[in-house]
Protein chains: 2
Amino acid sequence: MDLRQIRYFVAVAEEANIGRAAARLHISQPPLTRQIQQLEAELGVTLFNRTPRGMETTAAGEMFLEEARNIRSLIEQATERTQRAGQGRLGRLDVAIFGSAILDVIPKVLLAFRTRYPDVKVVLHTMTKAEQLEALQQKRITAGFNRMLAPLEGIETRLVATESLLLAVPAGHPLASKETLRFRDIEAHPIVLFPTGGRPSFIDRVIHYCQESGFEPEISQEVGDAVTAVALVASGFGVCLVPSSATTLRFPGVVYRELAEVPSGFFVDLSCIYRTGDRSPILAGLLEIIDEFREVVPRHQNPSPPQPSP
Amino acid sequence: MDLRQIRYFVAVAEEANIGRAAARLHISQPPLTRQIQQLEAELGVTLFNRTPRGMETTAAGEMFLEEARNIRSLIEQATERTQRAGQGRLGRLDVAIFGSAILDVIPKVLLAFRTRYPDVKVVLHTMTKAEQLEALQQKRITAGFNRMLAPLEGIETRLVATESLLLAVPAGHPLASKETLRFRDIEAHPIVLFPTGGRPSFIDRVIHYCQESGFEPEISQEVGDAVTAVALVASGFGVCLVPSSATTLRFPGVVYRELAEVPSGFFVDLSCIYRTGDRSPILAGLLEIIDEFREVVPRHQNPSPPQPSP
DNA sequence: CATCTCGATACCTTTTCGGTAAGATCTGCC
DNA sequence: GGCAGATCTTACCGAAAAGGTATCGAGATG
């Protein structure tokens, strides 16, 4: 069987006349006769009764007409869906985020993506940095969001946002009442760090800041993610350095304070990671949106060019 | 697009390798390459990423693979359903019956048909004889059941059953108690006749019997169908001649009596009517079942060869 | 009975499909 | 680093299939 034969059959069935059907198909009549005969031979069924007035569908022909129309509409649908998938307007986007990346900019990016590509199903997976890299290579996800990324073979990164760092302080804490807070002021106070697992991470960065400023931090506790860290701050475990987007986390008993006289490079990047050479148009659409958002993002604080202390 | 291309595409997608796919399709590799290229060109979409290890479906390719499998299964279904329709094992049978034909043999025939052809939907229409003939010509029905049919242009008949005639008598009626009942005994009693409309009908036949036996019947009432007639008999309107199959109608206060010394041709035929030249295999199936049933049918009475009165 | 309509058949031309041979590119191995 | 192997692509040729023209045959029509 052949789609041509199906198209021809429908024309003949609808016109009930080979000559007219041939005209409609822009071919001459004899080849059409032959195609119909071949179709009947292949199915082993008489589809038309030949009358002196033309062609009249049999019951089997009527059945085949119905199915033929189904086939044609399915093919139309297949074509359209494939083309839309090719343009990235239809399909599925598997994205991994780390625990506290649900804050602020990432939901905004994903919301914009879903609005622009309503027929792309966005599936969110929660994964650590290491899990994201593995999942990327196994193609279980198309993109991941993370911070503190070292350049890696086969993985590309795209900057989403650069965030300044704030200090989360319990409301009654001595530091909460100071007017201007300098980085060195942290020295005397226990500090909560995150995330555990997957070094180098933000923890190493914070320790490095402290050493650069000339002191060793007193580590109160290491926890898995920012949300837990801020919760511990609320309970009085100590203070904690968090990306500015964490201010979306309004925790009773916790206030966020900007710091002056900060060490150099006192900010963190949030990036999107994906496979090098991934030409998926859906990924391209996501990156495009990320690019649009990046210009708008740093609103809690300037993109923090390393501030020399006065 | 072409079913060949779809078949080829599925093979390549499943093998992820043009060479192996070509082997599976029993063609050489270059034509396969070309068909895939043509398919991609026609869709305007890249379906595969060419890697040094083989062919890897893109997201669009994945989408098309899914649709391609749907298309193939739909075509398989179309083929099978059409073939079954061609053999009369799938489709629809529109049958017309007259009011009281629901008795006895016709339900049995239709039940047997539905058992043998479970995928043929049987649709029953209630029509008078005239309506049946019109519906047949307009192809609204495939077959009808009726009695007393005159030969007609374009209509074929097939005998379903030949039934003897019985006399329906009210329980307390003088005739109900007689030991042997002869046809002439009817003479003194009012008679209920059916069906009205569409002469010549059973009514004329009964009147003819009476005249042949040498008397004019006293007509109590003419009604539309046998069921009504028997109901009137129960109410004391008179007696009534009914086909033997009417004994399925067990009406309180009505008894059925056989008659002796009957006129010649004292029976009625029940026939199936259909269009001359209708080659529908479903109709053929119905006629086949009717033929099988006819041999079994006359069980209330012998097929009633005209009995010469002694 | 001549004529018209419609589908089927015969025969030829053109298109398309599949096969063979050779090219280009990347991987992996010694 | 160069060479063998695998894989897809390109080029060209013969074979199969599709379409076109001319004609036939059967049934309807005036």
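Reminder, nothing fancy here: chain letters follow the sequence lines and each chain counts from 1.
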| request: Using the test side-chain hydrogen bond (donor to acceptor under 3.5 Å, both in side chains), find all partners of A:R4 that sit at least two apart in sequence or belong to another chain. | output: A:D2
| note | residues 56-66 of chain A vs salt bridge (Lys or Arg N to Asp or Glu O under 4.0 Å), sequence neighbours excluded, gives A:E56-B:K139
| message | If the threshold is 4.0 Å, N to carboxylate O, is there a salt bridge linking B:E131 and B:R140? | response | no
| task | Applying side-chain contact (heavy atoms from CB on, under 4.5 Å), name anything that partners A:E67, two or more places apart in sequence or on another chain. | result | A:N70, B:L74, B:Q77, B:A78, B:R81
| Ring centers of B:F48, B:F64 separated by less than 6.0 Å | no
| said: Taking salt bridge (Lys or Arg N to Asp or Glu O under 4.0 Å) as the cut-off, I'd like each qualifying pair that reaches into residues 267-281 of chain A, sequence neighbours left out, listed once. | reply: A:R275-A:D278
| Which ones in residues 34-45 of chain B lie close to DNA chain C, meaning a heavy atom under 4.0 Å from one of its atoms? | B:R34, B:Q35, B:Q38
| said: So B:R147 and B:F202, do their side chains get closer than 4.5 Å, heavy atoms only? | reply: no
| task | For A:F48, answer base if it contacts any base atom (sugar-phosphate contacts may also be present), sugar-phosphate if it contacts only those atoms, and nothing otherwise; contact means non-hydrogen atoms under 4.0 Å. | result | nothing
| field | Integer-rounded Å distance: D:dA17 P and A:Q5 CD | value | 12 Å
| query | Could you run down nucleotides 25-30 of chain D 5' to 3' and tag each one B, S or - for protein heavy-atom contact under 4.0 Å? | reply | --SS--
| said: I'd like to check the side-chain contact (heavy atoms from CB on, under 4.5 Å) partners of B:E80; sequence neighbours left out, ordered by chain and number. | reply: B:R84
| field | Any residue meeting ring-ring contact (aromatic ring centres under 6.0 Å, His included) with B:Y117, in chain and number order, not counting sequence neighbours | value | B:F113
| query | Tell me, do A:I273 and A:L133 make a side-chain contact under 4.5 Å, heavy atoms counted? | reply | yes
| What is the distance from CG of B:N49 to P of D:dT7, rounded to the nearest Å? | 17 Å
| field | side-chain contact (heavy atoms from CB on, under 4.5 Å) partners for A:A22, two or more places apart | value | A:I27, A:Q29, A:L32
| field | Range on DNA chain C touched by chain B - first to last nucleotide, heavy-atom distance under 4.0 Å | value | C:dC17 to C:dT27
| request: Identify, residue by residue, the members of residues 17-31 of chain A with a heavy atom below 4.0 Å from DNA chain C, and return them in order of residue number, or none. | output: A:N17, A:I18, A:G19, A:Q29, A:P30
| remark: Residues passing the side-chain hydrogen bond (donor to acceptor under 3.5 Å, both in side chains) test with B:T276, sequence neighbours excluded, are B:E156
| note | Of B:N17, B:T33, B:I18, the one forming a side-chain contact (heavy atoms from CB on, under 4.5 Å) with B:M55 is B:I18
